[in-house]
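Have a look at the structure below before the remarks.
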Amino acid sequence: MACFDNILLCTDSYKVTHHFQYPEGTTQVYSYFESRGGKFPTVTFFGLQYILKKWLVGKVVSEEKIQEAKELYKLHFASDIFNEDGWRYILKKHNGLIPLRIKAVPEGSVVPVKNVLFTVENTDPNVPWLTNWFETLLVQIWYPTTVATNSRAMKTIIAKYLSETADSMGGLPFKLHDFGFRGTSSVESAGIGGAAHLVNFVGTDTVASLVMARHYYGCEMAGFSIPAAEHSTITTWGKNHEKEAFANMLHKFPKGLVAVVSDSFDIFNACENVWGKELKDMVEKRGQSESTLVIRPDSGDPPEIVVKVLNILEKCFGSTINSKGYKMLPPYLRVIQGDGISYETLQGILDKVKENNWSSDNLVFGCGGSLLQKVHRDTQKFAFKCSYCVINGVGKDVFKAPITDPGKNSKKGKLTLELEDGTYVTRQGGTGNPEKDLLVPVFENGILLKEYTLDEIRKRAEVDEAK
Ligand SMILES: O=C1OCCC/C1=C\Nc1ccccc1
């Protein structure tokens with residue numbers, strides 16, 4: 001058996017001991033997931049479908065997996081603590097299908113923090129311990145949801161400046177390009193986080209995200225990129241031969257978009273004397289075939305560099321004033337800034353560009369580490385907690401309320417997510433109206449009940465300015 005495909009080994013060690021710990025007569029454990037708060041006031045829910053399809057759907061329990069787990073936990077705990085009977089019961093009674101019910105807000109939903117995002121409950125009274133066994137895997141949704149949230153927050157900033165300084169919003173989906181593959185902790189993380197970024201944009205170099213979108217979100221081609229240089233393909237020509245290296249890029253990619261990193265030695269010289277003089281005619285000729293050169297600085301203080309590069313290019317190639325009164329480079333010239341970009345730095349760059357009377361439509365941004373890796377579970381304070389249980393046939397609300405941190409108080413009872421005057425509210429204690437519950441049953445007893453496509457997720461997550 002391949003490793004890392006046994007859900008009996010995909011949990012925290014202490015959970016292997018929890019079937020001993022619930023009160024005698026417990027037949028149901030009902031738990032929920034929320035963001036308790038954090039960096040952003042809303043979260044863009046994404047990534048549950050991947051976890052369900054990869055780990056929960058179908059016959060995921062087998063005799064082989066039970067044996068493997070039994071043997072590993074005997075060594076791990078130096079005792080027979082693993083619930084072999086419980087898992088064999090699931091194998092025999094449910095044919096290896098997981099007897100849980102999961103209801104979730106539709107993927108792509110933008111939900112204010114402190115609202116229920118999904119609930120989990122066991123459907124077989126004999127395995128109440130099963131609900132929280134899956135906390136470990138299900139809480140990992142923190143990653144795609146946080147990446148989608150952060151990426152969308154950056155989209156909101158870019159959209160604001162585009163609506164103020166650009167002729168149209170048409171370029172918005174391409175304005176933030178994923179540079180993050182190498183900076184992620186694994187290929188799988190790149191796929192998950194890269195797909196989360198593609199909820200909001202279509203520009204990516206994280207190829208794993210395309211694979212994820214195709215296999216788990218029904219999207220044949222979720223993102224796009226263009227021919228682009230890296231430093232090695234420029235510097236191998238030698239310090240005094242950037243002109244040849246740049247000219248080669250224009251020869252090899254005569255049509256369409258081509259991006260050339262130009263800061264290997266002196267970005268200002270490259271813009272003024274190489275692109276702006278020695279290769280000026282070649283660059284302008286691209287305009288005749290609707291082809292664009294995208295110049296890429298990659299060092300220096302981003303706001304200062306971007307404005308200096310725009311001003312130098314204007315001196316050499318000219319500019320026009322668009323319908324909003326801001327300057328545009330000729331259509332065959334654009335700039336991509338892929339260094340030092342994050343939610344925290346974006347506004348400063350766009351402000352400086354606007355102050356210097358440039359439209360942000362001249363730019364595209366690349367973002368790596370801060371897009372896919374510089375996030376953690378507490379960025380949005382995600383929590384998975386039990387809020388209801390049944391013991392000897394009697395249902396009761398369950399909660400925690402630590403005197404040492406009221407922020408960790410959990411919700412009580414059975415929950416619904418409803419709209420009240422257009423705002424999400426979470427009804428607790430079974431007071432909600434099931435007909436108005438926005439939580440959709442997405443999984444039950446091994447079967448995926450509802451599938452979302454990336455297209456519909458994108459629509460659901462769209463930012464206001466782009467609607
Ligand atoms: O610099 C990079 O580091 C990380 C990987 C991607 C990357 C650049 N790619 C690119 C794509 C399209 C236009 C321009 C650049």
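Basis for what follows: all heavy atoms, side chains included, without hydrogens, waters or symmetry-related copies. We count ligands from 1, going down the list as the structure has it; atoms in each ligand are counted the same way.
- Looking from atom 5 (C) of ligand 1 to the surrounding protein, the closest heavy atom is Arg182 NH2, 3.5 Å.
- Residue Arg296 holds the heavy atom nearest to atom 1 (O) of ligand 1 of all those in His231, Arg296, Glu230.
- Across the listed options Phe179, Phe224, Phe181, Phe179 owns the non-hydrogen atom lying nearest to atom 7 (C) of ligand 1.
- Annotation for Lys324: atom NZ counts as buried by contact number, over 12 foreign heavy atoms lying within 6.0 Å.
- In terms of polar-atom proximity, Ser225 is not counted as a contact of ligand 1, lacking any N or O under 3.5 Å from an N or O of the ligand.
- Partner of Phe382 under the ring pair (Phe, Tyr, Trp, His ring centres under 6.0 Å) criterion, out of Tyr32, Trp142, Phe33, Phe118: Phe33 alone.
- A donor atom on one side chain and an acceptor atom on the other are found under 3.5 Å apart for Glu230 and Ser232.
- Judged by distance alone, the side chains of Tyr50 and Glu188 do bring a donor and an acceptor atom under 3.5 Å apart.
- Residue Ala259 approaches ligand 1 through these ligand atoms, each under 4.0 Å from one of its heavy atoms: 13 (C), 14 (C).
- Judged by distance alone, the side chains of His197 and Ser209 never bring a donor and an acceptor atom under 3.5 Å apart.
- If you check the side chains of Ser360 and Thr165, you find a donor sitting under 3.5 Å from an acceptor.
- Each of the following atoms of ligand 1 lies closer than 4.0 Å to a heavy atom of Ile226: 12 (C), 13 (C).
- Counting protein heavy atoms only, atom 6 (C) of ligand 1 is closest to Asp205 OD2, 3.2 Å.
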